[in-house]
Amino acid sequence: MERRKATKAAGRGGRPSRADALRLRQRILEVATELFLAEGYGSTTIEAVAARAGISKRTLYHRFDDKSALFAAVVHDIIEQIRPPPGVPLVEGATLRDVLRRLAAMILRAALAPTALALHRLVMAESARFPELIRSVHNDGSTREAIALIGGLLARDPRESTLSAENRVFAAQQFLVMIVSLPQRRAMGYGTPMTPAELDTWADKSVSLFLDGCRGWSVP
């Protein structure tokens, strides 16, 4: 009996289960997100994250090599949270316009999420001092995925398939800028934030302008 008790106690004090490890990682990311977005990257320390998470620095460093690695994980976590849920199809609609209109609504919803806006403010404010912030966002790959998706839609549509691969990439990049830039700026205080009705109209007109531009484009 005593030996069994000792064995159980040793098991509880040993290596955490995978589920416990995932919960701890998520706890660290939640705390780090709160501190980064509230205090800024430069003012947030590993010590502060560890203390608020209730763990030692050694435990934190066991999971993240340094502050930049922790920030990169936070960026990835934020982007995963604002993505459409896994069961939601990205490509759905009777026409290319319908598909792009639906994608535009999803992109706006993600870009205007409070955590996305806070992350954008942070990166813009501190990237001159900490270039790794830009790299963390760029390396996540979500923008490249969106460009590849939109470019693929253009390639499959008979009216747009005459565009070269290079021009499809360019067009997809412009689509993202058209959809996001002004609504995001207004949400961040450069003017009055758009209402839901205004965002619907903005997305609808942007998609129409985008397709008209692609169909009238004669650049080889």
Side-chain angles (χ1 to χ4, degrees), residues 29-30 32-41 71 74-127 133-134 136-138 140-154 157 159-160 168-217:
L29 290 178
E30 288 171 1
T33 300
E34 291 171 5
L35 287 173
F36 281 135
L37 298 185
E39 306 295 334
Y41 183 81
F71 183 78
V74 164
V75 169
H76 180 75
D77 194 57
I78 288 174
I79 290 173
E80 286 300 306
Q81 289 178 31
I82 63 177
R83 281 177 184 269
V88 175
L90 298 179
V91 178
E92 188 174 80
T95 65
L96 177 59
R97 188 185 188 287
D98 293 337
V99 173
L100 290 177
R101 179 63 183 79
R102 188 165 177 274
L103 277 176
M106 291 182 180
I107 291 167
L108 278 171
R109 193 156 43 244
L112 301 180
T115 50
L117 292 173
L119 177 62
H120 188 70
R121 287 191 186 97
L122 168 62
V123 172
M124 292 301 99
E126 299 196 59
S127 59
L133 304 188
I134 292 287
S136 294
V137 174
H138 177 74
D140 185 77
S142 55
T143 299
R144 290 192 297 275
E145 290 175 15
I147 290 169
L149 175 62
I150 296 163
L153 291 171
L154 294 176
D157 189 271
R159 288 170 294 184
E160 324 303 338
R168 287 195 297 269
V169 169
F170 177 82
Q173 290 170 334
Q174 299 313 303
F175 178 80
L176 295 179
V177 173
M178 288 172 64
I179 294 297
V180 170
S181 58
L182 185 61
Q184 187 180 64
R185 282 177 60 81
R186 287 179 58 172
M188 293 178 66
Y190 296 94
T192 305
M194 290 184 175
T195 65
E198 288 174 326
L199 288 170
D200 283 343
T201 300
W202 175 264
D204 195 58
K205 289 184 175 180
S206 295
V207 168
S208 294
L209 181 63
F210 173 74
L211 288 176
D212 287 344
C214 286
R215 288 162 187 167
W217 197 6

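Residues passing the salt bridge (Lys or Arg N to Asp or Glu O under 4.0 Å) test with E145 are R83, sequence neighbours excluded. Taking the side-chain hydrogen bond (donor to acceptor under 3.5 Å, both in side chains) definition, one finds that R121 meets it with nothing, sequence neighbours left out. With sequence neighbours excluded, the residues forming a side chain to side chain contact (heavy atoms under 4.5 Å, CB included) with E39 are L35, S43, T44, listed by chain and number. With sequence neighbours left out, L209 forms a side chain to side chain contact (heavy atoms under 4.5 Å, CB included) with M178. For R97, the side-chain hydrogen bond (donor to acceptor under 3.5 Å, both in side chains) criterion is met by D204, S208, not counting sequence neighbours. Applying the side chain to side chain contact (heavy atoms under 4.5 Å, CB included) rule to P193 yields no partners; only residues at least two apart in sequence or on another chain are considered. Listed by chain and residue number, nothing satisfies the salt bridge (Lys or Arg N to Asp or Glu O under 4.0 Å) test with D140 (two or more places apart in sequence, or in another chain). Every residue two or more places apart in sequence or in another chain that forms a side-chain hydrogen bond (donor to acceptor under 3.5 Å, both in side chains) with D77 is listed here: Q26, Q81. Residues satisfying the side-chain hydrogen bond (donor to acceptor under 3.5 Å, both in side chains) criterion with E92, sequence neighbours excluded, are absent altogether. The salt bridge (Lys or Arg N to Asp or Glu O under 4.0 Å) test applied to E30 returns no partner, not counting sequence neighbours. In this structure, R109 has no salt bridge (Lys or Arg N to Asp or Glu O under 4.0 Å) partners at least two apart in sequence or on a different chain.
Contact between I134 and S127 at its shortest, heavy atoms only, is CG1-CB, 3.5 Å. Closest of all the heavy-atom pairs between I82 and A113 is CG2-CB, 3.8 Å. Closest approach of E198 and R186 over heavy atoms only: OE1-NH2, 4.0 Å. Summarising the geometry of A116 relative to A111, their closest heavy-atom pair is CB-O, 3.7 Å, with the distance given to 0.1 Å.
Among residues at least two apart or in separate chains, ring pair (Phe, Tyr, Trp, His ring centres under 6.0 Å) pairs with a member in residues 174-195 are F175-F210.
Atoms CG and OG, on L182 and S206 in that order, are 9.0 Å from each other to the nearest 0.5 Å. Distance CG/L112 to CE/M188: 10.5 Å, rounded to 0.5 Å. Put simply, CD1 on I78 and OG1 on T33 are 5.0 Å apart, with the number rounded to the nearest 0.5 Å. For the atom pair S142 OG and H76 NE2, the distance stands at 9.5 Å (nearest 0.5 Å). With values rounded to the nearest 0.5 angstrom, Q174 atom CD is found 9.5 Å from I147 atom CD1. One finds the CG atom of L103 at 6.5 Å from the CG atom of L153 (value rounded to the nearest 0.5 Å).
Taking the side chain as every heavy atom from C-beta outward, T115 and L119 never approach each other to under 4.5 Å.
When each of L100, V99, L211, L96 is checked for a side chain to side chain contact (heavy atoms under 4.5 Å, CB included) with D157, only L96 meets the rule.
Within the 3.5 Å criterion, the main-chain N or O of A148 finds no donor-acceptor partner in the side chain of R168. Within the 3.5 Å criterion, the main-chain N or O of D200 finds a donor-acceptor partner in the side chain of R101.
Using cut-offs of 30° and 60° for the angle between ring planes, the Y41 and F36 rings count as parallel.
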